[in-house]
Amino acid sequence: MMNVFCKTLLASALASATLASAYAAEPLTVYGKLNVSAQSNDENGDATTTIQSNASRFGVKGDFELSSSLTAFYTVEYQVDTGNASSDNFTARNQFVGLKGDFGSFSVGRNDTLLKISQGGVDQFNDFMNSGDLAKLFKGEVRAAQTATYLTPSFGDFVFGVTYVAEGNDVKSQFAQDGFSAAAMYGDAKLKKTAVYAALAYDSDVSGYEIVRASLQTKLAGITLGGMYQQQEQTYKYNATTGQPVEVSADSATGYLLSAAYDINAVTLKAQYQDMEDLGDSWSVGADYSLGKPTKVFAFYTNRSMEASNDDDKYIGVGLEHKF
């Protein structure tokens, strides 16, 4: 049923993009990317070759001016898993509707939390979920189904915001608790408008964790440098036997991440190291080669060492990405 719906959405979006809209003041933007890699995944001493999708996606977004001071906006986005054996390979990503104006912006629906958004571009291997993505060691990369998010207007280069995650989100992920994610962000995460991007974020009972995260990015001598500090503590978990959430009393763990990227003509060289106390560490290196503005080929290698395992996990791959 989901696959039929998504095919209908795709056809409707493409038709809307190519035909004249009945409402010229409400343009519809169709966007997405396909990122597919061929890679070897050596996990627990067992190597497997895969052709896998890395957060490939398809979406539509737009806005509509309601008045000189109020605009409605929306996003409907799906992830497309090209490596899934099933033809029903669409899963929901961010899907929300909101209003924006001089007061800032307010949106409701399925969305990333402010703590997740606050990382900016620090994670150089973002979306490589089976290898170098920071989510393998750091908690807090949460996209929740039932959220309300408010962002203030910009004060100089500062923006503040908060995400509310409703307790009805999912008992297995939100554990029947109201969650809050707040962030203070400075500068431009792409480092085009400001020389520095910095953020401080906090999660309270979001997906069963309390988290403090500080992120920093800057450019020095043409090298993009990134750093992240995180302290995380589990507060709730799900008891499969009783079907009820259980409060957890656990020690907090501290982690950090360091990343760097350097452009040499059409090539971007990347490196990243991260460590989380009592869990493990990983390091990744990679290179992107731009074939044009929307298209690149890439290669990467990740080595991850987990405290609970005697063998390091190793990932090596090459791939192609095209954005539209």
Side-chain angles (χ1 to χ4, degrees), residues 112-129 131-144 149 151-152 155-163 165 179-191 194-221 223-236 248-262 270-286 302-308 313:
D112 295 337
T113 64
L114 259 297
L115 183 134
K116 180 180 180 182
I117 293 171
S118 74
Q119 71 150 288
V122 169
D123 185 3
Q124 290 291 342
F125 294 86
N126 187 40
D127 291 336
F128 287 84
M129 291 300 296
S131 51
D133 191 301
L134 72 83
K136 282 295 184 180
L137 293 176
F138 284 30
K139 297 296 183 180
E141 298 298 284
V142 175
R143 175 180 297 117
T149 297
L151 286 169
T152 68
F155 298 102
D157 290 314
F158 286 94
V159 173
F160 305 89
V162 61
T163 299
V165 183
F180 294 90
S181 180
M185 297 166 283
Y186 170 83
D188 172 23
K190 296 183 179 180
L191 300 178
T194 59
V196 173
Y197 171 79
L200 182 63
Y202 174 68
D203 270 6
S204 175
D205 289 333
V206 175
S207 288
Y209 274 83
E210 289 195 0
I211 300 171
V212 176
R213 173 181 290 182
S215 304
L216 178 67
Q217 282 179 273
T218 190
K219 274 191 175 181
L220 292 174
I223 304 175
T224 301
L225 298 173
M228 179 183 292
Y229 168 85
Q230 179 158 309
Q231 188 175 68
Q232 58 190 43
E233 180 180 342
Q234 189 173 15
T235 55
Y236 287 90
V248 176
S249 178
D251 294 333
S252 63
T254 300
Y256 65 91
L257 178 151
L258 300 172
S259 65
Y262 182 64
K270 303 188 296 184
Q272 185 162 292
Y273 177 80
Q274 61 183 118
D275 178 271
M276 178 55 68
E277 182 182 4
D278 298 329
L279 186 59
D281 61 71
S282 74
W283 58 270
S284 301
V285 292
T302 294
N303 187 98
R304 185 166 59 241
S305 177
M306 304 297 286
E307 296 283 352
D313 296 333

Closest heavy-atom contact between V165 and A144? CG1-CB, 3.8 Å

Would you mind reporting whether M185 and Y197 have side-chain heavy atoms less than 4.5 Å apart? yes

Heavy-atom distance under 4.5 Å between the side chains of V122 and Q217, does that happen here? yes

Quick one: are N126 and D133 in side-chain contact, heavy atoms under 4.5 Å? yes

Indicate the atoms forming the closest heavy-atom contact of A183 with S118, along with that distance. CB-CB, 4.1 Å

To the closest 0.5 Å, what do you measure between CD1 (I211) and OG1 (T113)? 8.0 Å

Test your reading of the model: is there a side-chain donor-acceptor pair from Q232 to the backbone of K139, 3.5 Å cut-off? yes

Give, for atom CZ of F125 and atom CD of Q274, the distance between the pair rounded to the nearest 0.5 Å. 10.5 Å

For A195 and T218, work out which heavy atoms get closest and say how close. O-OG1, 2.9 Å

Out of curiosity, Q234 CD to S249 OG, how far, rounded to the nearest 0.5 Å? 10.5 Å

Rounded to the nearest 0.5 Å, the CG atom of D157 sits from the OH atom of Y186 at a distance of 4.5 Å

Compare every heavy atom of L114 with every heavy atom of G161, then report the nearest pair and how far apart it is. C-CG, 3.9 Å

Parallel under 30°, tilted from 30 to 60°, perpendicular over 60°: which one fits the rings of F158 and F160? parallel

Report yes if some heavy atom in the side chain of D275 is under 4.5 Å from a heavy atom in the side chain of Y256; otherwise report no. yes

Looking at residues at least two apart in the chain, or sitting in another chain, which of them share a side chain to side chain contact (heavy atoms under 4.5 Å, CB included) with L216? V196, A198

Rounded to the nearest 0.5 Å, what's the gap from OH on Y209 to CD on Q230? Could you check? 10.5 Å

Is there a side-chain contact between L134 and Q119, using heavy atoms and a 4.5 Å cut-off? yes

Look at atom CZ of F180 and say whether more than 12 heavy atoms of other residues, nucleotides or ligands are closer to it than 6.0 Å. yes

Could you pull out all donor-acceptor pairs under 3.5 Å where a side-chain atom in residues 276-286 meets a protein atom, sequence neighbours excluded?
{"from": "E277", "atom 1": "OE1", "to": "T254", "atom 2": "N", "distance (Å)": "3.0"}
{"from": "S284", "atom 1": "OG", "to": "T302", "atom 2": "OG1", "distance (Å)": "2.7"}

Hey, what do you get for OG1 (T194) to NZ (K219), rounding to the nearest 0.5 Å? 11.0 Å

Shortest non-hydrogen contact between G132 and Q272, atoms and distance: O-NE2, 3.7 Å

Any idea which heavy atoms bring L115 and G140 closest together, and the distance? CD2-O, 3.5 Å

